[in-house]
Each structure stands twice: as C-alpha cells, then as structure tokens.
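Keep in mind the model is a prediction, meaning the values are calculated, not measured.
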2 protein chains.
Amino acid sequence: MATIKDVARVAGVSTATVSRVVHNGGQVGDACRARVKKVIAELGYRPNTNARALVSKKSDTLGVVTPRLSMTFFGTLAAGVENAARENSYKLLMSNSLYETETELEAIESLREHSCNAIILHSEYSDEKTLQELARQVPGLVLINRFLPSMANRCVWLDNVAGGKKITEYLIERGHKQFAVVTSVYQNNDPQSRLTGVKEALKNAGLKMPANNIVESTANMRGGEEAVQELLKRGAKFTAVVAYNDLMAVGAMNALQDAGIRVPEDVSVVGFDDLYITRACRPKLTTMSYPIEEMANYAAKLAIDLSTNPSNVQNRTHLFMPELIERNSVADIS
Amino acid sequence: MATIKDVARVAGVSTATVSRVVHNGGQVGDACRARVKKVIAELGYRPNTNARALVSKKSDTLGVVTPRLSMTFFGTLAAGVENAARENSYKLLMSNSLYETETELEAIESLREHSCNAIILHSEYSDEKTLQELARQVPGLVLINRFLPSMANRCVWLDNVAGGKKITEYLIERGHKQFAVVTSVYQNNDPQSRLTGVKEALKNAGLKMPANNIVESTANMRGGEEAVQELLKRGAKFTAVVAYNDLMAVGAMNALQDAGIRVPEDVSVVGFDDLYITRACRPKLTTMSYPIEEMANYAAKLAIDLSTNPSNVQNRTHLFMPELIERNSVADIS
DNA sequence: TTGAAAGCGCTAACAA
DNA sequence: TTGTTAGCGCTTTCAA
C-alpha cells in the first residue's frame, strides 16, 4: 500500500502538503493540489487509519456495545448506528456485553484503546456511579434505552410508561374491562415502566385488575405461553392480555389458541416492540412501535457530535415516543 | 491514559522491557517482571491499539462485511463471528454492503486501512476476478455463503442442493406426489441450488412437476403470499409447497389459510433457514436448518488462522450441511 | 503557499 | 536479561 511518503515523492512535494490536500485544507496552491490529487489517484493511496488515530487521538470510529447482536432488536439497533456511521464516514466497532457488567466494562475499555471516542452503550446492569464516571472521561458516550437522571442529556430512551398507557387506553376504548398482564423479570426497568403505564390507564378509567391477573415470566415466546397457561390455571377472567413484548404476546396467543380460545374473538392480545414477527403470526399482532433503528441513528449522531464538540451537550434529554400499530389481534367488545 | 513510557519510568526500566512483559515474552527477569506488572496495574495502563497496529501492521481486528445487519440472518452471522473474535481477543469491525458492489469494495478497502487482515465477506455481487485479486492481497479473507471454485479453500458455505433434495425426499416419504415450488429472484445462487435439489429428488422418485407449479417472487413474506395467490389463480394442483426460505413459507401459509385451505391438512408447507419465526407461525414450520452462527464462527476462526499463518491454507473447501427440522406444517397423506 | 522536523505510542533488531 | 535506537505513517507547529 502506498504511503504518504510515496505520494510526496512522486508528486515532488512534502508530506505536509499531501496531508493538507487529503484534508482539503485551504492552504495549497491550485496547481500543486491538482498534481497531488492526480498522484493519489494513480497510486491508489489511502491514509493509514492507525497512524492517523495515533497522532490525532481520534479514530473516526463509532463503538457500539449491546448485550447480544444475534437478537433482532440489537441487530436493528446496530443497523441504525451503522447508517449514521456511514453518513459521517465513521467505521463501526461492535462488542457484545452478554448481559454482564464485566464484559460490558471490558468492551468499553477496549473501545477506548482504539481511540474510539464516540460510543453507544446499551447497558442494563452497570451501576449509575460507574457510568457517570465513564461519561465524564468519554464525552462522546451516549446511553441508549436507559434513563439515568444524573446524566439525562446523554440518554436516548423510550417512554415506556406512555407506551403501556396508550395501548391500554386503546383496549379500553374498544370496550375491554377485564385485563391480564403478562410481564417479565427482565433485567432493566422496562417491564416495570410499561406495567406502570397500564395501571395508570386502568385507574383513569376506573377499572380494577386483580393481582391474580398479573403473571411474570421470561421475556420470550416460551415465557408468554407459560404465563397464559398459568393465568388459565388460576381461572383468571379477562378479555384482553397486555404482554410485555411481542415475543411474549405471540407465545400468549399460541397458548390461548391451544386452549381453544380464539384470538381476538374471545380474547384480545397486544404486544410491544413491533418486531417483524408481528406480521408473521396469526392474527397479526397489534402492538406499540419501538423505533429503535431511528433512535440508534439519533444516538449515533449525538455521540459523534459530542465527541467532536463536547460543549454541545445541551441541558435536555432525548426521549422517543412509541406509537400504536393496529393490526388484527384486538376485537371490539361492546 | 498512561503510556508505555509512564510505566517504564515508574518501574525504572526501559519501554522495551515493558513491552516484553505485556507480551509475555519470556526474556524478562522474575523480579523485574513482577515490578512492571505491579506498575501496570497501578497506573491502569493499557497499550494503545493504534500505535501497536501501526508498527506491527496488524490490528487484532476482525472485519465483517454483510449486506444488512438489521436482518436477523446477518445479525446471527455477526454474532457467530463476534464469538470467535472475543475468544481470540479480537475486536469486530462491521460494515453493511447494502447489496452493492461498490459499497462492498469500499468497505473492504476501509477495513484494510485499519490493518484489519482477517475479513469475513458475505458477498453476493462482486465478480470472481475481483474477489480472487482481493484474496491474493488479503490472506485472511474468507468468503461466507458463496462458493467460488477458483478459491474453494477460502469459502465457507452451505450445501443448498443437498438441502433442497433432503426436504423434498422427506415430503415424498410422507406420500406427497404433487409439488409446487415458491422460489425467488434473489441475487445469489441459493434459490437455483435449492431448486436443483428439489428437482433431483423428484426425478429420483419418478415424479413430475409441471413448470406451471413453479412461481418466482421476492424472498420475503409478501413474496410468499403473492406466489401462492398466483399458484391458486393458475389452478395449479399440489399437496405440498416447497418455499425458498422461511419468510416465503410463512407468507405462503398465510395466503393458503386466507384462501380457506388448511395447513397442513390440505396442503403441507416447508421452508429453509430455521429462523426464529418458524416457531412463531401457526402451524410451526418444518424447515431445513441453516447453521449460520456456527458457520460464521468457523469462518472467523479460519480467517484469523489464515491471517496469522497464510501457509495454513489447505487444499479443501469448508462445506456445511443443512438438517431437517421437523415441526407441524407437514401432513402424511397415504 | 510550502517544507522541515518533531513526535504520537509502540515494537523489534541490535548491542551490551 | 535488559537497554538503546530506529522507525511505523501520519499531523502539525514553526519557519521560510
């Protein structure tokens, strides 16, 4: 691979001039610039990223840490980041944290060794103190899907409470009065927040939900199935089930149907996230959107901005709203 | 961040010694080694990756180029690579090629600028010549999901012909005689290969399939639906439909059911890939596994090995076999 | 407008 | 066993 020296030699200029041309620095004569550009093209010269990062202490690289890339949700997140990265000619450095604080911290350290100073972190575990300290050291660190009041302006997150509330109100409008909730023991606050939203909506409408009608399980299809089986075993009465996410909702629908209960004729089911799967199941699932790709894109731009220009931190947080996606898993009962 | 010089100064040794300790090079006295290690820990020293890459011309970074990270399939691929990367203390550099040759080539160039000499490439478009030349220049380049005879030993791929054949034989064993195929106009050879397998199995069993019973469409759910609608419009007769992939199969099932045709009682449906979705749809889909995570893991190890030790290229290719996954979308008709 | 030169943090040949 | 030294390819200040 041609180096800057090769270009300088062939073009008969100094390496400093080549560097200026590469960076579109204004201070180069037209003739000279043209000549250098020509040589660059001829030699197929491309600057060595590592050398550049070494001296400039930044690498035009965006680091992303998520729990597990193989999960659709995080793949989509990564895609959103990738998009923003490409638009800004940044590269993408990825790590899985595997839901472990230690791996997560290690990943971030390793990112820093790469002079990667724009970082998107989907952290579930690490405590607030650690994160605050990290944020202080890395101005381009942005948290996604988590809200920490002490660093609100570095958080890009979704209003889960509003989401839970909205979809419950939708169900109430359609005449539902007896609810069941299939929630999860997930590591972060999301299940709790969504449940809070559900309860708020119920309360506002003067509706009661027996504690018996809330079941906790793992946040996947199997968990949704088991939760409904438990509900049925308990003899709970309900015409609508609000699931923590789409995966659990699909599991719930399957368990319902297996028990000879029709969806949505007998019982309506709603999810949350709007994964691809919502269009594959039958009936198609009514759910709340989680614009994670858009959010990730936004977070990436924010991270790049902050890493370039730390003083741009504004005194505000970055909150996204989920939206209702109507499909066929909810029936009117009037 | 502490540098190697800081460590050397505090420990009262030269930077060369520190470097040796960091690399576990044997040639250091025990006392000296212990002292240096202590200082490293105290200072929280971590070697700068860029400086290291600059001088050693390698970066302990694994590059991955796939069409689009947000698609489950590629997310899973990336996860397999990530796993191998972590095990070898490699970092992961990701790029989307967006199904475009130019972006793909650009991504690879950019990877090389990073001194990233182990590369996993899922390429659909780039022509053989280009790829061959690339492979010559980058000993650690491995192709995944594509077979190029001229560089067979650098290809990690799946036997799609065998897959198509196997699942068709399974259907034949269950008494099916009238087949329909929902295939795709996908950019690579996979649809063609799978179709070849289907035809082989049919031929071996002395079965005929009218040309009318093969419909081509896009490789997603919508495509599967449309294909079945077309089949129905043509008045094609069949008891089994073999879809190019799971997405099309789910679409096919939906279209069938919408038309009042029961799956699998009236018509059996099979897919390919074994995506998560196969467990969400009703009935659960019988399909062929595509062990992409395992393959990606293997490919990553191969790439790392070859980049470290180019002479390890063996005169063989790396072929994986799909396996039948029995679920509930196929009925016996006897 | 252009060039000379120092140095980013590290590795590795060579010397001691 | 340990240190000295010369770069790796690039940016950037300072001087011309």
Side-chain angles (χ1 to χ4, degrees), chain A residues 1-37 39-40 43-61 89 91 109-117 308, chain B residues 1-37 39-40 43-61 89 91 109-117 308:
Chain A
M1 296 207 118
T3 74
I4 199 171
K5 280 188 189 167
D6 298 324
V7 177
R9 187 167 27 76
V10 175
V13 297
S14 73
T15 60
T17 299
V18 177
S19 180
R20 287 183 193 112
V21 170
V22 169
H23 291 249
N24 285 314
Q27 318 302 44
V28 185
D30 286 348
C32 180
R33 176 185 304 274
R35 191 151 31 96
V36 171
K37 282 201 166 168
V39 175
I40 288 178
L43 265 45
Y45 165 72
R46 304 198 51 157
N48 178 306
T49 323
N50 294 117
R52 198 201 287 249
L54 178 56
V55 28
S56 67
K57 276 142 177 31
K58 56 198 176 78
S59 66
D60 287 3
T61 299
S89 310
K91 292 273 89 48
E109 270 317 305
S110 142
L111 253 22
R112 295 181 64 196
E113 284 164 31
H114 278 265
S115 312
C116 167
N117 23 29
T308 319
Chain B
M1 297 207 117
T3 73
I4 199 171
K5 279 189 190 167
D6 298 324
V7 177
R9 186 167 28 76
V10 175
V13 297
S14 74
T15 60
T17 299
V18 178
S19 180
R20 288 185 192 109
V21 171
V22 169
H23 290 176
N24 286 314
Q27 319 300 43
V28 186
D30 286 347
C32 180
R33 175 185 305 273
R35 190 153 30 94
V36 171
K37 281 200 169 172
V39 175
I40 287 179
L43 265 43
Y45 165 72
R46 304 200 51 157
N48 178 308
T49 323
N50 294 118
R52 198 201 287 249
L54 178 57
V55 28
S56 67
K57 273 140 180 34
K58 56 198 178 75
S59 65
D60 286 4
T61 299
S89 310
K91 293 274 88 48
E109 271 317 305
S110 141
L111 254 23
R112 296 182 62 196
E113 283 165 33
H114 278 264
S115 312
C116 167
N117 23 29
T308 320

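Between the CD1 atom of Ile4(A) and the C1' atom of dT2(C) there is a distance of 14 Å, rounded to whole Å. Rounded to whole Å, atom P of dG9(D) lies 12 Å from atom CZ of Arg9(A). Rounded to whole Å, atom C1' of dT2(C) lies 11 Å from atom CZ of Arg35(A). Lys5(A) has its NZ atom 14 Å from the P atom of dT11(D), to the nearest Å. In this structure, the CG atom of Asn48(A) is 12 Å from the P atom of dC8(D), given to the nearest Å. In this entry the distance linking CZ of Arg52(A) with C1' of dT12(D) reads 14 Å, nearest Å. To the nearest angstrom, P of dT12(D) lies 7 Å from NE2 of His23(A). When rounded to the nearest whole Å, the span between CZ of Arg33(A) and P of dT1(C) equals 9 Å.
Out of dT11(D), dC14(D), dT2(D), the shortest distance to the side chain of Arg20(B) is found at dT2(D). Among dT5(D), dG9(C), dT11(D), the nucleotide with an atom closest to any side-chain atom of Thr15(B) is dT5(D). Among dG9(D), dT2(C), dG3(D), the nucleotide with an atom closest to any side-chain atom of Ser14(B) is dG3(D).
Distances shorter than 4.0 Å separate none of the side-chain N or O atoms of Lys57(B) from OP1 or OP2 on dT11(C). In terms of phosphate contacts, Ser19(B) brings a side-chain nitrogen or oxygen within less than 4.0 Å of OP1 or OP2 of dT11(C).
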List the steps and the verdict of side chain to side chain contact (heavy atoms under 4.5 Å, CB included) for Asn48(A) and Thr3(A).
CA-CA 8 Å; Asn48(A) 178 306; Thr3(A) 74; over 6 Å; no
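Counting heavy atoms from C-beta outward, Val22(B) and Tyr45(B) have side chains that approach closer than 4.5 Å.
Atoms OG and CG, on Ser59(A) and Asn50(B) in that order, are 6.5 Å from each other to the nearest 0.5 Å. Rounded to the nearest 0.5 angstrom, Asp60(A) CG and His114(B) NE2 are separated by 8.0 Å.
Toward the 5' end of DNA chain D, the nearer of the two residues Val55(B) and Thr17(B), judged by each one's closest nucleotide, is Thr17(B). In terms of position along DNA chain D, the nucleotide closest to Ala16(B) lies nearer the 5' end than the nucleotide closest to the other residue of the pair Ala16(B) and Ala51(B).
Residue Thr3(A) is in sugar-phosphate contact alone, with no base atom involved, counting any heavy-atom pair closer than 4.0 Å across all strands shown. Nucleic acid contact class of Val18(B) (heavy atoms, under 4.0 Å, all strands): none.
On a pure distance criterion of 3.5 Å, no polar donor-acceptor pair joins the side chain of Arg46(B) and the base of dG9(C).
Closest of all the heavy-atom pairs between Asp6(A) and Met1(A) is OD2-O, 4.3 Å.
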